[in-house]
There are 2 protein chains.
Amino acid sequence: MTLTSLPRHHGGADGLARLLGQALLAGRWRPGETFPRERDLCQHFEVSRNQVRNALATLVALGLIERTAGRGSVVCNIGEWHLLDPLVSAWMADIETPDAQLLREIFAFRYSAEPAVARLAARAAEAEDLERLEAAFLGMQRTAGMPEASARHAEYDVAFHDAIYRTSHNLVWRQMGHLLRPSIIALIQRSQAHLQPLDAGLDDSLARHGRLLEAIRSRDADAAEAAAVDVLRRTAVDLGIVADAQAESVQAPSAESIIHAKERSP
Amino acid sequence: MTLTSLPRHHGGADGLARLLGQALLAGRWRPGETFPRERDLCQHFEVSRNQVRNALATLVALGLIERTAGRGSVVCNIGEWHLLDPLVSAWMADIETPDAQLLREIFAFRYSAEPAVARLAARAAEAEDLERLEAAFLGMQRTAGMPEASARHAEYDVAFHDAIYRTSHNLVWRQMGHLLRPSIIALIQRSQAHLQPLDAGLDDSLARHGRLLEAIRSRDADAAEAAAVDVLRRTAVDLGIVADAQAESVQAPSAESIIHAKERSP
DNA sequence: GCCGCCACAAATGTCAGACATTTACCCTTG
DNA sequence: CAAGGGTAAATGTCTGACATTTGTGGCGGC
């Protein structure tokens, strides 16, 4: 791909890294392809070589590109991207069309991990944690059914799930909360693109979140695990990972069909 | 802390970042404390400001320090460290005395996550995956009981668990394999420090790994999950997270005692 | 005495230019 | 045809100067 399709202006200093990083995450260069040279980037964006080099250094640190003297910069394989880095997650969250495979991978991860996290949360929850969870849930309720507030609703949704990860009281799990934003933001973008408001299923989704909150509040690990699975099944439908019909007719779609959805709809 | 206790020489270009990063991971500066100034680092290590700035930029990208013009560099809270970044994991792996709390957090994560990963692996395993698993297991067997090969044994151990994460066929889980190295390396360091070779328990540990491999090979998700728990219980004993007596007398120490061990032995 | 303003010092951030090093490619030569 | 070297092009590095931000102390006015 050429540079010409990228906007020439960008915000502050690391705005350039963000711009280039998002272009990479959106798949505008394929793995193995060569990335533009420093000199071209300087000219196109009208910035000093220093800024370009700083931005590129950031991309290297995130495993997005690899640079070698004399050869240039090449785009790394998706498998080497540091998906778990907060920067990458944040960038991915506000891309208009994130890579579909990537979103499926993230959701498959959530589907296999969040039940266990909910289990931990139910055991470790303290007053402060419950407050966070409750505040997020109330926010979701308040913004439900308001099409113009769907962005805020998604934020509360992110906050709710992030609160669960935090409630696990484990440093590692807590950092994975960063992955939630891209996963959940993609949900509202999809609903807006399809002009198919989630109102119908939103009450249902809200109810499932409520049961999860209640299970954690009462320290019932088994119930929390089951409720988390329930929430994620609903989300899988809204994300279009499993067909609506399947989820509505069948009470419990097998984990197999969600985790390995990629293999049958590439 | 002052700079005087750090070695003045280091390997190549990013060797400086590694040196400083490991000092941070080892806890030689406390969160909130101010990090040495660029000028001092230049003088102490006898390198150009460029190299120092590059190294510090890396530390910033990893969430280890935060820099602001005019104020200087301050060490971030542990919660903001990007533990999931491969660089951080790799650095942590060969620190002589890694932070004990950090190791407990990582192990607690593994204890709650790996059973689910093993379950996925049992479902998704293909021929190539089984080869990797088998090769690692054979390596563990070959190096068992050889005190002088404990380092190689640990590498095979890492490879075995990493192979399980890879077998999940999920990008996110796969990246978490990086966390295994610090966790497992710490194990052999501990055994060497205590002059208490793991020979006694090693046969047992090996047998448990073998049962896990067999469960995955036969695509038995339930058995794989149970076997993974079994392996981790053994590891918890070897890591000193739960007392030997407890694990030997009681067949199944509660997850609670492993996950929240930090709260009773701070 | 307290408050606000200003000047200064100290730290990081930025820039521009030259040079070093690595790499790929072509052209020559045996 | 193969081996060699030379050249161009790319990233990596160094240096010095300057810009910008931040904290601080002193000064004067109220």
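Reminder, nothing fancy here: chain letters follow the sequence lines and each chain counts from 1. It should be emphasised that the depicted structure is a prediction, and the values quoted were computed from it without experimental measurement.
- One atom, CZ of Phe45(A), and another, P of dT14(C), lie 17 Å apart when rounded to the nearest Å.
- When the side-chain nitrogen and oxygen atoms of Arg53(B) are compared with OP1 and OP2 of dG13(C), one or more of them lie within a distance under 4.0 Å.
- Whole-Å rounding puts the Glu46(B) CD to dC14(D) P distance at 13 Å.
- One N or O donor and one acceptor, one from the side chain of Arg49(A) and one from the base of dT13(D), sit under 3.5 Å apart.
- A side chain to side chain contact (heavy atoms under 4.5 Å, CB included) with Ile95(B) is found for one member of Leu25(B), Leu102(B), Ile185(B) and no other, namely Leu25(B).
- As a whole-Å value, the separation of Ile65(B) CD1 from dA11(C) C1' is 13 Å.
- At whole-Å resolution of the value, CZ in Arg37(A) and P in dA8(D) are 16 Å apart.
- To the nearest 0.5 Å, atoms CD1 (Ile78(A)) and CD (Gln101(A)) are separated by 5.5 Å.
- Between the CG atom of Asn50(A) and the C1' atom of dC18(D) there is a distance of 13 Å, rounded to whole Å.
- For the pair Leu59(A) CG and dT11(D) P, the computed distance is 13 Å after rounding to whole Å.
- Residues forming a side-chain contact (heavy atoms from CB on, under 4.5 Å) with Ala125(A) (at least two apart in sequence, or on another chain): Leu130(A), Thr167(A), Ile216(A).
- Look at Glu38(A) and Arg67(A) and you find a salt bridge, because one of the NZ, NE, NH1 or NH2 atoms lies within 4.0 Å of a carboxylate O, short of that distance.
- Distances shown here put every side-chain N or O of Gln51(B) at or beyond 4.0 Å from the OP1 or OP2 atom of dT13(D).
- Residues Asn54(A) and Thr68(A) both approach DNA chain C. Their nearest nucleotides, taken by heavy-atom distance, put Asn54(A) toward the 5′ side.
- Phosphate contact (OP1/OP2 of dG13(C), side-chain N/O of Arg67(B), threshold under 4.0 Å): present.
- At the phosphate of dA24(C), OP1 or OP2 sits under 4.0 Å from a side-chain N or O atom of Arg71(A).
- In this structure, the CZ atom of Arg39(A) is 11 Å from the P atom of dT11(D), given to the nearest Å.
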